[in-house]
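Contents: one structure, followed by commentary.
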Amino acid sequence: MSWGFMRGSAWKFLQSPQYTRSGSRGTFAPPNLFYDDVQDNVSSLDDSASGEEDLDSLVFFGMMKGNVVGLRYYAGVVNNNEMVALQREPSNPYDRNAVKVNNVNGEQVGHIKKELAAALAPIMDRKLVRMEGVVPYGAHNVFTMPVNLSFWGKDDDKKGVLDHMKAHGYKLDPVLKSSGKSFPSLDAGSGSGASPPVQLTVEQLKTEFDKLFEDLKEDDKTQEMEPVKGIQTVLLPHQKQALAWMVSRENSTELPPFWEQRGNLYYNTLTNFAEKERPESIRGGILADDMGLGKTLSVIALILTNFHDGQPLPTGKVRSEKQKTNSAGKSRNTASQGQCSETREIGNSQEASATVSKRQKARKVKYDFNDSEEEWLPRKTKSSPACSLVDDDQFAMALSGASSGKKKKSKTKIIDKTTDQFEQHVQAEVDLKIYVYYGPERSKDPNSLSQQDVVLTSYSTVTHDYGNNSPLHKIKWLRVVLDEGHTIRNPNAKQTKAIHSLDAVRRWVLTGTPIQNSLKDLWSILSFLKLKPFTDREWWHRTIQRPVTMGDQGGLRRLQALVKNITLRRTKTSKVKGKPVLELPERKVYIQYVQLSTEERQIYQSMQSEGKAIIGRYFNEGTVLTHYADVLAVLVRLRQLCCHPHLVSSGSSSASLKEATPEELREKLINKIKLVLNSGSDEECAICLDSLNNPIITRCAHVFCKPCICQVIHSEKPNAKCPLCRSEIHLEHLLECPEEEFDSETVHCPNFVCRESGFIFTRLDGSMPQKKRTEAIQSFQSTADDSPTIMLLSLKAGGVGLNLTAASRVFLMDPAWNPAAEEQCFDRCHRLGQTKDVIITKYVVKDSVEENMLKIQSKKRELAAGAFGTKKPSASEMKEARIKEIRTLVDL
DNA sequence: ACCGCCGGGTGCC
DNA sequence: ACCGCCGGGTGCC
């Protein structure tokens, strides 16, 4: 049944003003079944996810005492010192100023007394104030109870709000009476008593943040567990730990963090909320291991080992002698870590009894089911559970703006990558039923889907289907795993809802970067995990986020306790039993300075002084940013010069182009675009600053993304000019590179010493279709004799998952703006499966824009290290930083 | 609510 | 009495 859907709609119904209107005095009795069901859904995600004001920047206005009235008419109860939420109810038929008071579960407790409500309504409606309440005593009164109200808002609005309240005869007390600090013993189980109200400095806070995920004492997470035999890859110790931890979490019956039993009630120690029903255990969490530590493998092991009810997936006959090693696939290297020698049988005792006689050949089940497949059914449990691995769309995002056909291919590719992992790690004899729920042909039949063991899909598919009779939202999943879960940290409301409303008890988030920008990232994840009461952003904010950002040590301790409870994270440098998680070979980065030849230097100098003059003029006029495209053009040309003078079209060459016949011109331009595309450097489009997407060349011989330049022409018409050289451009003069012309295999690469020297090489860049990319990677990683020994790789090509361990030497021909992009690129070969020391050489042209880029890189590194916890830079600060960067780059 | 408030009943001492 | 006082009805917004 469509349980998830009904939950959602039931909530909407309760929220609607009509309901309240019909529920006149004494008759307000929501159907208990639904009401209970919506309890953990009270986080009206619509409100919280869709552009709500920035809660971080709120300041304290003051406090006052108010009264909650009408208690008799509502079912919501509170305890003394319990937090309550205030919510405007403009549609109340008796008073359009009405302000509802709800308990932590979202159940209405009463209303704010009307005189005060009349004062609050206008400022609440105009979002000048955010109201929070705590009932200090009298929680069990019959008719009315007191409430301590605190007022929060933007600093700019403070005076207005105070004046407004004064005009209504209410004076706010400016002293914050530590409702946020006086939590009793909070860290569930730590018993260390109340924390002294010690304020942390911004610096201390930052340090604590940095350590938050790195410094988890993993004493309780060192237990190892062997996966079932069906996993043919030998797990590394840290993966066995992950497995043990995840299994124990899934089978846990512990109370969730910050909940404790008191008598026959369950108390939340953060909000002082209590209820009879035991809050659901958190049967999942965050696997936040660093990239490359094998999160997906750990989860696959989990799925098979702890499939359902603490039992492994019933498997067919499995082999045990021949083991794959834990190298990352078809690497030409033999596996590292000396695991090849480990041939002892793995598996656990439970597994044997769970073996099932039926063997199935088919590993991937297609869209329709036939009678013979009905035979598989008896194996399934009653609830017909399945597992969904929601994959990310990063590839698609990297290609945004590409034709839809291209996009689709790449997304499927991402899912295929996960499918590949299953194939790689799970024995072929295991009749694991995997279904890829993706594309127009996907089965909309929940029954056939729920007969799968694993369903793979993408975030966008989940979102697209949501509310559209989606089978994904009808199935009660065995577990839902969000791969690269951080990609939904800043989602739109629909995506959040669609993903959060997937129905599963076991809920996992895989991410290498659990917190990237702020604590909000974490909230999004916690909300997905359905950790009460954090599904509602208000409670997260009041109990954790605000105390922490205000420097409250108790808040930080709670945060630490929480993270420790639900997260497992190891970095590449973490140690297991005194040994590093990954004993990767060394990685050395060298910078090789390059001198330009006299001739090149001459060209460079003239172009540099020309560029400096232009940019210098913009500086004087204060119009650097309005001419940003021109500035970038200068920089791009300087960078191109550092690579090779051929890359730059000088003014003279475009002059000569003019004299050519149209046919000659066309040929020259095609040659030129081929040169750019095949140069091996990651050519950027000067408009979007990203890799070239659907590249075209202008008559003035500049290459841009087609959509980018078309937009420029459109917006500047009828006199559009080339963003790089300001010569006239016309839509009908744009030339595309003929498809067959950038067939990579036979490309002549003018930049490298490689073809002439007889090297076999391949290439990978953003302009290549997905199929070519896969071929390139496969041929490169292959151990065959004629396999290429060199890959020309563009900095931005491919996803983070790309495995190029066949390479142990990296030559970076031109530096990237963003050091993280370089690092990521290096990590593609310096990862699990690499056996040799990796030597990286960054070529940097002496006395050039490239050298200055290094300076910017180190600044960016510092910034990235300190970005967390501090406020995000404002637009003007960003501009300021940009301008500074430009100054550094051109030595002005 | 063991209150406040409302409005009808009532009206010397 | 266009008041005061009494006591019953009543009760969020």
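Below, chains carry the letters A, B, ... as their sequence lines are ordered, and counting in each starts from 1.
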Worksheet item: Please give, in whole Å, the distance from C:dC13 C1' to A:Gln87 CD?
Response: 14 Å
Worksheet item: Can you check the A:Asn67 CG to B:dG4 P distance for me, whole Å?
Response: 13 Å
Worksheet item: Can A:Tyr94 be classed as stacking with the base of C:dC12, given a centroid separation cut-off of 5.5 Å and a plane angle cut-off of 30°?
Response: no
Discussion item. Would you say the base of C:dG11 stacks on A:Phe143 (centre-to-centre below 5.5 Å, plane angle below 30°)?
Written reply: no
Item to complete: Taking the side chain as every heavy atom from C-beta outward, state whether A:Asn105 and A:Lys532 have any pair of such atoms under 4.5 Å apart.
Response: yes
Worksheet item: In chain order, what residues pass the side-chain contact (heavy atoms from CB on, under 4.5 Å) check against A:Lys65, with sequence neighbours excluded?
Response: A:Tyr137, A:Pro146, A:Asn148
Item to complete: With C1' as the reference atom in both, quote the distance from C:dA1 to C:dC5 in angstrom, rounded to an integer.
Response: 12 Å
Item to complete: Grab the CG-P distance between A:Leu120 and C:dC12 for me, whole Å please.
Response: 19 Å
Worksheet item: Reckon A:Lys114 has a side-chain N or O less than 4.0 Å from the OP1 or OP2 of C:dC13?
Response: yes
Response to the item:
Taken to the nearest whole Å, CD/A:Gln108 to C1'/C:dC13 is 9 Å
Worksheet item: Within this structure, what is the NZ-to-C1' distance between A:Lys113 and B:dC5, rounded to whole angstrom?
Response: 11 Å
Worksheet entry | Length of the NZ-P vector between A:Lys100 and C:dC13, whole Å | 16 Å
Worksheet item: Does the side chain of A:Phe528 reach to within under 4.5 Å of the side chain of A:Val480, using non-hydrogen atoms?
Response: yes
Practice prompt. Measure from NE2 on A:His111 to C1' on C:dG11 and round the result to the nearest Å.
Written response: 15 Å
Worksheet entry | Nearest-angstrom distance from the residue atom CD of A:Glu115 to P of C:dC13 | 7 Å
Fill in: Smallest separation among heavy atoms of A:Arg72 and A:Phe143, with atom names
NH1-CE2, 3.1 Å
Practice prompt. Mind checking A:Leu71 for me? I need base, sugar-phosphate or nothing, with any heavy atom below 4.0 Å counting as a touch.
Written response: nothing
Response to the item:
Residues at least two apart in sequence or cross-chain that pass side chain to side chain donor-acceptor pair (under 3.5 Å) with A:Arg88, listed by chain then number, are A:Asp125
Fill in: Any N/O donor-acceptor pair, A:Asp95 side-chain to C:dC13 base, under 3.5 Å
no
Discussion item. Taking only the C1' atom of each, what is the distance from C:dC13 to B:dC2 in whole angstrom?
Written reply: 26 Å
Worksheet entry | Any strand: nucleotide that pairs with B:dC3 via Watson-Crick or wobble, under 3.5 Å | C:dG11
